[in-house]
Amino acid sequence: MNKLGLLGKNISYSFSKSYFKDKFENEQIDNVSYENFDIETIELFPSLIKNTKNLKGLNVTIPYKESVIPFLDELDDKAKEIGAVNTIRITKKSKLIGYNTDYYGFKKSLTPFLKNHHKQALILGTGGASKAIAYSLKQLNIKYCFVSRTAKKGVEFTYNTLTKDVINQYQIIINCTPLGTSPNVDLYPNIPYDAITSNHILYDLIYNPAETKFLKQGKQQHATTINGLNMLKFQAEKAWSIWKID
Ligand code: NAP
């Protein structure tokens with residue numbers, strides 16, 4: 001039996017396991033199983049690979065998307081440019097190849113909502129996911145700026161410099177912070193929501209809950225709101241196509 005799985009830490013909540021379990025059932029795929037590989041530190045990764053027979057591929061989640069890279073044999077060009085891996089394919093010759101499908105999931109889920117005036121985006125947060133989002137926006141020819149809690153190289157705004165004027169200029173705002181994730185559903189990024197209009201898209205990478213406070217406040221201002229569920233589904237399907245299970 002071929003094996004696939006999710007590499008991460010504290011991932012019992014995992015979307016991926018139930019997504020692939022349902023997919024295999026619905027599509028009557030019976031030559032592969034999917035399980036969680038929950039490891040305490042990335043140093044345990046080589047022994048996991050060595051001791052798991054018939055492992056063909058992995059999804060990778062927090063906190064290993066960057067730290068897994070030194071353990072891989074090759075990186076796909078896009079993963080190299082993004083600097084993060086969320087999918088690993090294990091070849092017949094046991095080579096480990098890293099890919100990034102988050103950028104694809106984000107791009108595919110955002111594209112149907114784009115209008116001509118959506119020319120500039122604010123990316124809230126500067127972690128692993130934000131890099132894949134920046135890569136997608138570049139491909140879509142949308143200019144972007146990073147917003148962070150701390151001023152640093154490559155960051156254009158800190159939260160206390162986000163004026164109404166800035167919000168007027170950037171009509172796509174993407175939450176790449178964990179603020180608002182269940183069970184901390186009362187948290188949200190600190191931006192001037194009263195400057196949001198119906199011309200804005202508010203995109204939250206969070207999918208649990210389906211509507212975060214960030215999205216709720218955007219909706220109150222008549223913005224288009226998108227949660228992270230479709231991104232997650234699209235990146236999962238792209239990973240499946242990379243694994244090429246036959
Ligand atoms: P991360 O590296 O843990 O954090 C992202 C960034 O959020 C941090 O670098 C930080 O940026 C900011 N941040 C963290 N705590 C904060 C706080 N208390 N207040 C304000 N900002 C804070 O996470 P990630 O891997 O990039 O993922 C970000 C989110 O996207 C997570 O919720 C994750 O579940 C979600 N995600 C969803 C999908 C999907 O398919 N839907 C895919 C990937 C990730 P600064 O230090 O610069 O402020």
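Read the numbers this way: they start at 1 and go in the same order the structure lists the ligands and their atoms. Computed from heavy atoms alone, side chains included, the values below leave out hydrogens, waters and symmetry copies.
- Among all heavy-atom pairs drawn from Lys3 and Lys53, the shortest one is CD-O, 3.8 Å.
- Interface atoms of ligand 1 facing Ile62, defined by a heavy-atom separation under 4.0 Å, are 25 (O).
- Using modelled atom types and a 3.5 Å distance limit, the side chains of Gln235 and Asn86 yield a donor-acceptor pair.
- Closest to atom 40 (O) of ligand 1 among all protein heavy atoms lies Leu232 CD1, 3.2 Å.
- Set against the non-hydrogen atoms of Lys152, the atoms of ligand 1 under 4.0 Å away are 47 (O).
- Interface atoms of ligand 1 facing Gly128, defined by a heavy-atom separation under 4.0 Å, are 2 (O), 26 (O).
- Taking only nitrogen or oxygen atoms, main chain and side chain alike, Gly127 reaches within less than 3.5 Å of ligand 1.
- Within the 4.0 angstrom cut-off, atom 3 (O) of ligand 1 has no protein heavy-atom neighbours.
- Listed by atom number, the atoms of ligand 1 under 4.0 Å from Gly228 heavy atoms are 39 (C), 41 (N).
- The nearest heavy-atom contact from the protein to atom 45 (P) of ligand 1 is Ser148 OG, 3.4 Å.
- Closest protein heavy atom to atom 5 (C) of ligand 1: Cys176 O, 3.3 Å.
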Apply the test side-chain hydrogen bond (donor to acceptor under 3.5 Å, both in side chains) to residues Asn59 and Tyr34: give CA-CA distance (whole Å), side-chain angles for both, the deciding distance (0.1 Å), then the verdict. CA-CA 10 Å; Asn59 291 122; Tyr34 192 102; 2.5 Å; yes
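- Taking each of Ile133, Thr126, Thr212, Asn175 in turn, the one with a heavy atom nearest to atom 47 (O) of ligand 1 proves to be Thr126.
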Determine, step by step, whether Lys152 and Thr126 satisfy the side-chain hydrogen bond (donor to acceptor under 3.5 Å, both in side chains) criterion, reporting the C-alpha distance in whole Å, the side-chain angles of both residues, the deciding distance to 0.1 Å, and the verdict. CA-CA 10 Å; Lys152 55 191 167 191; Thr126 59; 3.0 Å; yes
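- Checked for salt-bridge contact, Lys17 and Glu35 miss the test: no charged N lies under 4.0 Å from a carboxylate O.
- Checked by distance only, ligand 1 and Ala129 come closer than 3.5 Å through their nitrogen or oxygen atoms.
- With salt bridges taken as basic N to acidic carboxylate O contacts below 4.0 Å, one links Asp194 and Lys164.
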Working for side chain to side chain contact (heavy atoms under 4.5 Å, CB included), residues Phe113 and Tyr203: CA-CA 11 Å; Phe113 297 94; Tyr203 191 122; over 6 Å; no
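- Nearest protein neighbour of atom 43 (C) of ligand 1, counting heavy atoms only, is Lys65 NZ, 3.4 Å.
- Proximity of a side-chain donor or acceptor of His200 to a complementary backbone N or O of Tyr170 within less than 3.5 Å is detected.
- Remark: distances from the non-hydrogen atoms of Lys131 to ligand 1 are all 4.0 Å or more.
- In the model, Asn160 has a side-chain atom that pairs as donor or acceptor with a side-chain atom of Thr158 under 3.5 Å.
- With distances taken over non-hydrogen atoms, the option nearest atom 14 (C) of ligand 1 out of Pro63, Ala84, Pro178, Gly180 is Pro178.
- Of the candidates Met231, Gln235, Arg149, Arg149 brings a heavy atom nearest to atom 46 (O) of ligand 1.
- Ranking the protein heavy atoms by distance from atom 37 (C) of ligand 1 puts Leu205 O, 3.3 Å first.
- In this structure, the side chain of Lys65 does not engage the main chain of Ala84 through any donor-acceptor pair within 3.5 Å.
- The pair Glu81-Lys138 counts as a salt bridge, with a side-chain nitrogen and a carboxylate oxygen less than 4.0 angstrom apart.
- Not a single heavy atom of Gly105 sits under 4.0 Å from any atom of ligand 1.
- For the side chain to side chain donor-acceptor pair (under 3.5 Å) test with Asp204, the passing option among Thr181, Asn175, Thr177 is Asn175; the others fail.
- Those atoms of ligand 1 that come under 4.0 Å of a heavy atom in Gly125, given as number and element, are 11 (O).
- Taking distance alone, with nitrogen or oxygen atoms compared against 3.5 Å, Ile206 stays at or beyond that limit from ligand 1.
- Heavy-atom proximity to atom 29 (C) of ligand 1, evaluated over Leu179, Ile174, Thr177, is greatest for Thr177.
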